[in-house]
Amino acid sequence: MKRLLLMDAGNTRIKFAAASAPTGLGQLPTLDADLPGSAMPSDEVWPIGALQAALADQLRLYDGIHEVLWCSVLGTRFEPLMQAACEALKVSQRRISPTNNPLMRTRYADPFILGQDRWALSLAVAHRAQLEGSVAPQLAVSLGTATTVDLVLPGTPGEHAGGWIAPGVHTMLSSLAQQTAQLPMARLTDVDWPTRTHDAIGAGVLHSQVGLIAQACRVAEQHTGQTPQVWLSGGHAQAMLPHWPSARLLERGVMEGLWVDAACQALGAAP
């Protein structure tokens, strides 16, 4: 059976998952348990040897990997490193791209600079909505180093209508600790009116994230005339879920979106 190695190169870690190569969009992907990730080097630039070693470690875990399908937020310097590493390992590779996709198109002014992780998560959400027969707008929320909110509209194809980018939870917390003279590094807390500085920071950051999502819902409803379905993904999705009981959790949304992209390519290649 042909297998895909899915790779999400984020701001702090490179994450991997493996999946059977899809033949169509009529099902949800079965993703193997997350493979061991690789921490980003401190200078945020991957030496070719380190990247090749990280990929080789993953390829050894599974037989039959025929392609590495990946997305990255690490800029244009990362793509030639991936090409060289995969060529040395004799495995094909492809970067996800928001162009010529039969499931969804984007309104982004320049699709080539739309964040690949945002596109992948939006694809996963569009696929879920399609399987469920939903005609409601969807909000794809990623709570990572950055918090992103993208609006996905139903249709054939669906439409990525654009979105927002804001500092993520850890980015907010660390910014306060590093850029102020007396504020400590804190954790998220859910306290109405804190009387301790740690809690004041944690609650302020928490509610700023909740408020961002709430405002996105209001703007989406004004834009579409319908209440959007919210999907939460990323490292802080679980912490945000109690504040959005109607939201759906999509824990590995970027990986699922990579799989959906592969399924779309398989459909496009079908006779």
In terms of the angle between their ring planes, are His207 and His243 parallel, tilted or perpendicular, with boundaries placed at 30° and 60°?
perpendicular
Going by atom types alone, do Thr147 and Gln209 pair a side-chain donor with an acceptor below 3.5 Å?
yes
Tell me whether [X] contacts the main-chain N or O of [Y] through its side chain, where contact means a donor paired with an acceptor under 3.5 Å.
X: His170; Y: Gly144; answer: no
X: Gln229; Y: Ser246; answer: yes
X: Gln138; Y: Ala136; answer: yes
X: Thr171; Y: Thr145; answer: yes

Heavy-atom nearest pair, Leu31 first then Ala19, reads CD2-CB, 3.6 Å
Over all heavy atoms of both residues, which pair between Met7 and Val68 is shortest? Give the atoms and the distance, please.
CB-CG1, 4.4 Å
Do Arg13 and Asp8 sit within salt-bridge range, that is, some charged N less than 4.0 Å from a carboxylate O?
no
CE (Met185) and NE2 (His198) are apart, to the nearest 0.5 Å, by 10.0 Å
Distance flag, aromatic centroids of Phe16 and Trp70, threshold under 6.0 Å
no
Do His66 and Val91 come close enough that some side-chain heavy atom pair is under 4.5 Å?
no
Is there side-chain contact between Leu139 and Trp231, with at least one heavy-atom pair below 4.5 Å?
no
Who else is in the cluster with Leu28 when I, L, V, M, F, W and Y are joined by side-chain contacts under 4.5 Å?
Leu131
